[in-house]
Amino acid sequence: KRENGAQSLTTWKQIKYIPKFLSKKEKMIIKVTIAIIIICLGLTLYLFLNDNLVTKPKAGGTYTEIVIGAPQYINPLYSTVGEPDRDLARLVFAGLVKFDEQQNIMGDLASEWFKDEQGTTYTFQLRDNVYWPDGKKFTADDVIFTIEAIKNELYQSPIRNNFTGIGVSAIDELTVQFKLPEAFAPFLENMTVGILPAHLWEQILPENAKLAELNLKPVGLGPYQVDSFIKDKQGFIKSYTLKRNKNYHLGAPYIEQIIFKFQPTFEMGVESLKSRNADGLSFLPLNLKEALASRKDLVYYSLSLPQYTAIFFNSKNNENLKIKKIRQALNLAIDKNKIVTEVLKNEARAIDGPILPGFPGYIEGQPITKPDIKKAKKLLKNLGWQKKKIESAEATTTPDHQSDVAVDEVGMSKFLFKDETELTINLTLANQPQSVAVAEKIQKMWQAIGVKTNLILVEPNQIQNEIIAPRAFEALLFGEILGAKPDLYPFWHSSQTKNGGLNLANFKNSQADKLLENIRKEKPEKLAEDYIKFEDLLITNLPAIFLYNPNYTYVVSNKVKGITLKHIVSPADRLNGIEKWYIKTKKGFK
């Protein structure tokens, strides 16, 4: 005992002698108690970590995607011409604004922007401390150079019309202002165009821009940068490898490498994906889906797309198409719902006009014009078109044993004649499986009313320059993508019939022009009435037969996480938000 009478505590040296004074039973009780305490502590720690630890994305991994076609100009000034160009430009370049995964406009190189009350002046505040890969600072000069280059005829940019009459100036190093001649609702969508580095491009003469090496080795401010590409002996690019931009102003992406491999056809692309030479396919034609059944790791994203597929008539190349009743007969012969169900496997909706879901004036559940074969035949008969008796000498055979004149079992022509002229239409389309399947269905429907229909197949990379620009077709099966904000002006205004414009049917109507001009100026609440009036004009005049609004099927391996897409405006939009996709993961606290 201490002097004050208090008992001293047991020391650590004394504790080690305790077991000598315990029975075996007491020792076992202590061991079991200690074990229980350790287990309880372990469970407590596990439950704590399990509740607070989550799987998080981390940098790393490679995503390889098959893209159909081959790049030519990875340059925002020209990339609208081909899908491979658009895909690469989307990742390498950044615009003042961009679309997020929900197709909402958000800031990109611009941190904020302001519009005046009249809707004719837009002011953009640029992000500070953004630098090009070579260390040069991004400024208003880069924006002004890009817009002026687009407007300059010498650059021959296909998007030049989007900026006609628009003035651009720098308020200061990080502030840019645009002056529009009149209010233009889709203006912000145009500001998604990628910005070029002025200090590199201003050294190149405008007339030589398409020959510049920067078109194949682009320099941009997007989430990815060009690392390398592979060319074959014929000069065709086989693949592009992109590396993550660690200094991307919206946060470095997670996936370390993106590799695009290019194939000339969808069949070859599907076969390559099936053989596990890639992790994804940019677009899957529905008729090829079964070929991928062996790959159980694939995820199929069915994305809504503001696009219509239609048959555009060019009466300059076929006099019969000038006659409205013939166009009406062709329209009545087509069963659009059958095309959607039998060919497109319900991955589309039948339509009668260009007003699509989400457009002002669109009416959900509106009935589609039903086919009427009897009425179609009557329209043609009243115009003097009829079958004729074919003499055996006329029904000669060609080397492939096909008759020059189609004859039925009683010796009558299968197709209609008038003044010894057969009623014939050449239907041109891109040589892609889905388009061919649709065209073959239409061919049978038109031939069922006596109209001989020849299918003219053109390779996808040739159809723009060889068919659309010179209007070298009689009837064209083609899809037009309308953009995020409804604007039918580029596709149907009479001013867009020239210089390779998008008015494919060369439709000219002063009333329609006035409506399209008003739509660009009016406030949203007044748009529906004008859109409906415009659609009625198209349906009445029938410069084209509107067929369907398709879905877009994007295929990606389930190893890639973070894809939240539901709607896209163009095929390249499937890459929206790619900086948030990831392959590698780590554990971390919430």
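Model, not experiment: these values are computed from the prediction.
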(request) Would you please classify the geometry between the Y554 ring and the Y301 ring as parallel, tilted or perpendicular, with 30° and 60° separating the classes? (result) tilted
(message) Closer than 3.5 angstrom, by distance alone: can the side chain of K151 be matched with the main-chain N or O of I166 as a donor-acceptor pair?
(response) yes
(request) Could you check if a side-chain atom of K338 sits within less than 4.5 angstrom of a side-chain atom of P371, using non-hydrogen atoms only? (result) no
(request) Measure from the side-chain N and O atoms of D85 to the backbone N and O of Q72, and report whether any donor-acceptor pair falls under 3.5 Å. (result) yes
(message) For K508, I'd like to know if atom NZ has over 12 heavy atoms of other residues, nucleotides or ligands within 6.0 Å.
(response) no
(message) For the NZ atom on K514, are there more than 12 heavy atoms of other groups (residues, nucleotides or ligands in this structure) within a distance under 6.0 Å?
(response) no
(request) Give a yes or no on whether the backbone of G280 and the side-chain of E65 come within a donor-acceptor separation of less than 3.5 Å. (result) no
(request) Indicate the atoms forming the closest heavy-atom contact of P470 with Q464, along with that distance. (result) CD-O, 4.4 Å
(request) Evaluate the side-chain proximity of Y73 to S79: yes if any heavy-atom separation is below 4.5 Å, no if none is. (result) no
(message) Can you give me the closest heavy-atom contact between L502 and P490, atom names plus distance?
(response) CB-O, 3.2 Å
(message) Can you tell me if Q511 has over 12 outside heavy atoms packed within less than 6.0 Å of its CD?
(response) no
(request) Would you sort out whether S557 and D297 count as a side-chain hydrogen bond (donor to acceptor under 3.5 Å, both in side chains), showing the intermediate values? (result) CA-CA 6 Å; S557 166; D297 64 316; 3.2 Å; yes
(message) If you take the centroid of each ring, where Trp contributes its six-membered ring, are F283 and F266 closer together than 6.0 Å?
(response) yes
(message) Could you check whether any side-chain N or O of N314 sits under 3.5 Å from a backbone N or O of R471, counting only pairs where one atom can act as donor and the other as acceptor?
(response) yes
(message) Could you check whether any side-chain heavy atom of F415 comes within less than 4.5 Å of a side-chain heavy atom of L423, counting everything from C-beta outward?
(response) no
(message) Distance check, rounded to the nearest 0.5 Å: I468 atom CD1 versus E466 atom CD?
(response) 11.5 Å
(request) For atom NZ of K324, decide whether the heavy atoms of other residues, nucleotides or ligands shown that lie under 6.0 angstrom number more than 12. (result) yes
(request) Quick one: closest heavy-atom pair of I442 and I339, and the distance? (result) CG1-CD1, 4.0 Å
(message) If you apply the rule side-chain hydrogen bond (donor to acceptor under 3.5 Å, both in side chains), what do you find for N426 with N454, and how did you get there?
(response) CA-CA 5 Å; N426 292 321; N454 302 315; 3.0 Å; yes
(message) Does F236 have more than 12 heavy atoms from other residues, nucleotides or ligands lying within 6.0 Å of its CZ?
(response) no
(message) I want to check something: taking the side chain as every heavy atom from C-beta on, are I425 and N320 in contact at a cut-off of under 4.5 Å?
(response) no
(request) Could you give me the CA-CA distance, side-chain angles and deciding distance for I159 and L77, then say whether side-chain contact (heavy atoms from CB on, under 4.5 Å) is met? (result) CA-CA 7 Å; I159 60 173; L77 271 64; 5.8 Å; no
(message) Just verifying a value: how many Å separate I68 CD1 and T265 OG1, rounded to the nearest 0.5 Å?
(response) 6.5 Å
(request) Quick one: pull up CD1 in I449 and NZ in K377 and give me the separation to the nearest 0.5 Å. (result) 8.5 Å
(message) For the CG atom of L427 and the CG atom of L457, what is their distance to the nearest 0.5 Å?
(response) 9.0 Å
(request) Run the salt-bridge test on D573 and R90 with the 4.0 Å N-O cut-off and return the result as yes or no. (result) yes
(request) Please test N503 against Q496 for side-chain hydrogen bond (donor to acceptor under 3.5 Å, both in side chains), starting from the C-alpha separation and ending with a verdict. (result) CA-CA 5 Å; N503 187 340; Q496 305 302 303; over 6 Å; no
(message) Does K316, at its NZ atom, have more than 12 non-hydrogen atoms belonging to other residues, nucleotides or ligands within less than 6.0 Å?
(response) no
(request) Could you label the plane-to-plane angle of the F546 and W492 rings as parallel, tilted or perpendicular, counting under 30° as parallel and over 60° as perpendicular? (result) tilted
(request) Measure the CG-CD distance between L292 and E271 for me, rounded to the nearest 0.5 Å. (result) 9.0 Å
(request) Please examine the side chains of I467 and Q462, heavy atoms only from C-beta on, and report whether any two atoms are closer than 4.5 Å. (result) no
(request) Keeping the roles fixed (side chain from D513, backbone from H493), state whether a donor-acceptor pair exists under 3.5 Å. (result) no
(request) List the atom of I463, the atom of A430, and the distance in Å for their closest heavy-atom pair. (result) CD1-N, 3.7 Å
(request) Locate the shortest heavy-atom distance separating L476 from F473; write the atom from each residue and the value. (result) CB-CD1, 3.5 Å
(message) Do P285 and Q432 make a side-chain contact, defined as non-hydrogen atoms from C-beta onward lying under 4.5 Å apart?
(response) no
(message) How close do A512 and F507 get, counting heavy atoms only, and between which atoms?
(response) CB-CE2, 3.8 Å
(request) Tell me, yes or no, whether the heavy-atom count around K580 atom NZ, taken from other residues, nucleotides or ligands under 6.0 Å, exceeds 12. (result) no
(message) If we check side chain to side chain contact (heavy atoms under 4.5 Å, CB included) with K336, which of these qualifies: D352, T341, I351?
(response) D352
(message) Within the structure provided, determine whether L455 and E440 are in side-chain contact (heavy-atom separation under 4.5 Å).
(response) yes
(request) Would you check if the side chain of T192 reaches a backbone N or O of E189 as a donor-acceptor pair within less than 3.5 Å? (result) yes
(message) Strictly distance-based, threshold 3.5 Å: is any side-chain N or O of N541 a donor or acceptor partner for the main-chain N or O of L537?
(response) yes
(message) So that I can tick it off, tell me whether R574 and D87 are bridged by a salt bridge, with the cut-off set at under 4.0 angstrom between side-chain N and carboxylate O.
(response) yes
(request) Salt-bridge test for K345 and E290: reply yes if a basic N is under 4.0 Å from a carboxylate O, no otherwise. (result) no
(message) Nearest 0.5 angstrom please: I255 CD1 to Y63 OH, how far?
(response) 8.0 Å
(message) As a quick check of understanding, evaluate side-chain contact (heavy atoms from CB on, under 4.5 Å) for K325 and N382, giving each step before the final call.
(response) CA-CA 10 Å; K325 287 185 177 179; N382 291 342; 6.0 Å; no
(request) Begin from the C-alpha positions of L380 and I326 and carry the test side-chain contact (heavy atoms from CB on, under 4.5 Å) through to its verdict. (result) CA-CA 6 Å; L380 296 176; I326 289 181; 4.0 Å; yes
(message) I'd like to know if the side chain of N558 and the backbone of V299 have a donor-acceptor N/O pair within less than 3.5 Å.
(response) no
(message) Assess whether a salt bridge exists between E529 and K533, defined as any Lys/Arg side-chain N lying under 4.0 Å from an Asp/Glu carboxylate O.
(response) yes
(message) Whether the side chain of Y240 engages the backbone of L216 through a donor-acceptor N/O pair (distance < 3.5 Å, no angle test) should be reported.
(response) yes
(message) Taking Q307's backbone N and O only, do any of them form a donor-acceptor pair with N549's side chain (distance below 3.5 Å, no angle check)?
(response) yes
(request) Show your reasoning for whether side-chain hydrogen bond (donor to acceptor under 3.5 Å, both in side chains) applies to Y489 and E517. (result) CA-CA 7 Å; Y489 183 102; E517 291 160 10; 5.2 Å; no
(message) Would you say that more than 12 heavy atoms from the other residues, nucleotides or ligands in this model lie under 6.0 Å from the NZ of K441, or not?
(response) yes
(message) Can you confirm whether the side chains of E459 and N431 place a donor and an acceptor under 3.5 Å from each other?
(response) yes
(request) For side-chain contact (heavy atoms from CB on, under 4.5 Å), just list the numbers for L284 and K289, CA-CA rounded to whole Å, side-chain angles, deciding distance to a tenth of an Å, and then say yes or no. (result) CA-CA 7 Å; L284 176 66; K289 185 175 181 178; 3.9 Å; yes
(message) I want to check something: taking the side chain as every heavy atom from C-beta on, are E83 and V67 in contact at a cut-off of under 4.5 Å?
(response) no
